[in-house]
Chemist: 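Okay, here's the structure, questions in a sec.
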Amino acid sequence: MQVARWHRSRLAAACLAVLIAGCSSAAVTGPADRPPANSGLGPITFATGKVDTGYLQPLISQWNAQHPTQRVTPIYLPDDADDQYAQLVANLQGHSSVYDVMSLDVIWTAEFASNGWITPLSGSVIPPGQFLRPAVETATYQGHLYAVPFTSNAELLYYRTDILAAAHLNPPQTWAQLASDATLATSRYHLDGYGGQFQSYEGLTVNFAEAVQSAGGSLVSATGAPAVDTPQASAALTFLVSGFRDGWIPQAALNWNEEASRRAFEAGTLLFLVNWPYVYGDASVPGPGNVVAGKFGVTTLPGLRGPGSATLGGANLAISAYSRHPATALAFIRFLTSMASERYILLRSALPPVWTSLYSQPSLVAKFPFLPVLKQAILAARPRPALIDYNQFSLAVSSTVHQALAQRISVSAALAQLSAELRQILRAG
Ligand code: GLC
């Protein structure tokens, strides 16, 4: 109660501060300007995971040229969501001001906001009605905006067009088709059949949630109780475990995150891959380690009885509560999330924008033909539960599912154990 009251008053004060600072920042752009003390203007850092950040340095150089007294320095965080989380949290718990703007995975908003680690923002920083609604919801906690949506995400199924054509097959829409095609790939074409993010970390929680949803279930019920001791979750886990047991998912995939699975697909050793849209950009450019440019396609995830359901991913930009220059931080966030920047980021790194209109611009669709499909996948994607304890929740999911995939525990024992663990976490949360 005490905490909630403190949080509300702090929230009001901080909202106001950011609004005022945001207004004044627009006027300060001249190269000769020296920001007055306490203006909230000055040099800042931008912390972001380092996967596919080819877009970043050109945009930062552009910003720095126009704002010499408010220069931005990038700080690259590790590849994996879990490692990024650990690094950010360690710094924020120590009230460190080392990060000003942080690119936050959509799953962290509740925890970071409730701990007072990020600054609440006025809703007016988002252009009304222009951003994908589900992305805006991931940046909102208890009715307040805490970050600006930056990139959205929904996983897609990548497939080798050359192999499917040779085998006279269409991209699979069901798990049965996928398993049969993947099995054929191993015997007839000496390829690995199917890959995804099966290392024990957030990516596995995403893959498992997608499988459960694609069987018609969900990890958490509408009333907030765990829903993993169910026929849908059992069908999902059985599907993935049978891939490892029957050999159409390679054992190596037990250690794959996004990047490791991308590399396997680009090396030409995999028929099917579940991964995020950034892989489309990377795999389209031929080069050392990539033999699949021009030989792959993407479609929506398959499911138990027909098309499946993706998990909503993405990143939001937040201002650290310990930033010394929050006004510059907000102005930089506005710059990075402008339509022009997001268009550039899509073209350069194939990261899904949050501006709805970019999904139907003809020149963009010509380069990324899957954009309309991706927009539908994002709009239909399921968010992960917005829990303060999300990290605990996800660790329980990924570690138990990983044990089942490695066949150290049966499907039914894994789901019973997971259900009990999640019940405790959800009750405490
Ligand atoms: C991607 C998604 C993010 C997800 C992560 C899992 O970065 O955008 O939401 O949590 O992958 O590895």
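When a ligand or atom number is given, it counts from 1 through the structure's own listing order. Remember, it's a predicted structure, so these values are computed and weren't measured experimentally. By convention here, the first residue in the shown sequence is residue 1.
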Chemist: What does the list of residues with a heavy atom under 4.0 Å from ligand 1 look like, ordered by chain and number?
Modeler: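 Residues within 4.0 Å of ligand 1: Asp105, Val106, Ile107, Asn153, Tyr201, Glu202, Gly203, Glu258, Trp276, Gly313, Gly314, Arg384.
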Chemist: May I have all residue pairs that pass salt bridge (Lys or Arg N to Asp or Glu O under 4.0 Å) and include part of residues 195-219, sequence neighbours excluded?
Modeler: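 Found Glu202-Arg384.
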Chemist: How would you list all residue pairs meeting salt bridge (Lys or Arg N to Asp or Glu O under 4.0 Å) that involve residues 280-308, not counting sequence neighbours?
Modeler: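 Non-adjacent pairs meeting salt bridge (Lys or Arg N to Asp or Glu O under 4.0 Å): Arg262-Asp282.
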Chemist: Are more than 12 heavy atoms, taken from residues, nucleotides or ligands other than Arg324, located less than 6.0 Å from that residue's CZ atom?
Modeler: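 It does not: Arg324 CZ has 12 such atoms or fewer within range.
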Chemist: Quick one: are Tyr278 and Val51 in side-chain contact, heavy atoms under 4.5 Å?
Modeler: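 Of all side-chain heavy-atom pairs linking Val51 with Tyr278, at least one is under 4.5 Å.
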Chemist: Does Tyr141 have its ring centroid less than 6.0 Å away from the ring centroid of Phe112?
Modeler: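 Tyr141 vs Phe112: aromatic centres not under 6.0 Å.
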Chemist: What salt bridge (Lys or Arg N to Asp or Glu O under 4.0 Å) pairs are there with at least one residue in residues 74-98, not counting sequence neighbours?
Modeler: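 Counting only pairs at least two positions apart or across chains, the salt bridge (Lys or Arg N to Asp or Glu O under 4.0 Å) contacts touching residues 74-98 are Lys50-Asp79.
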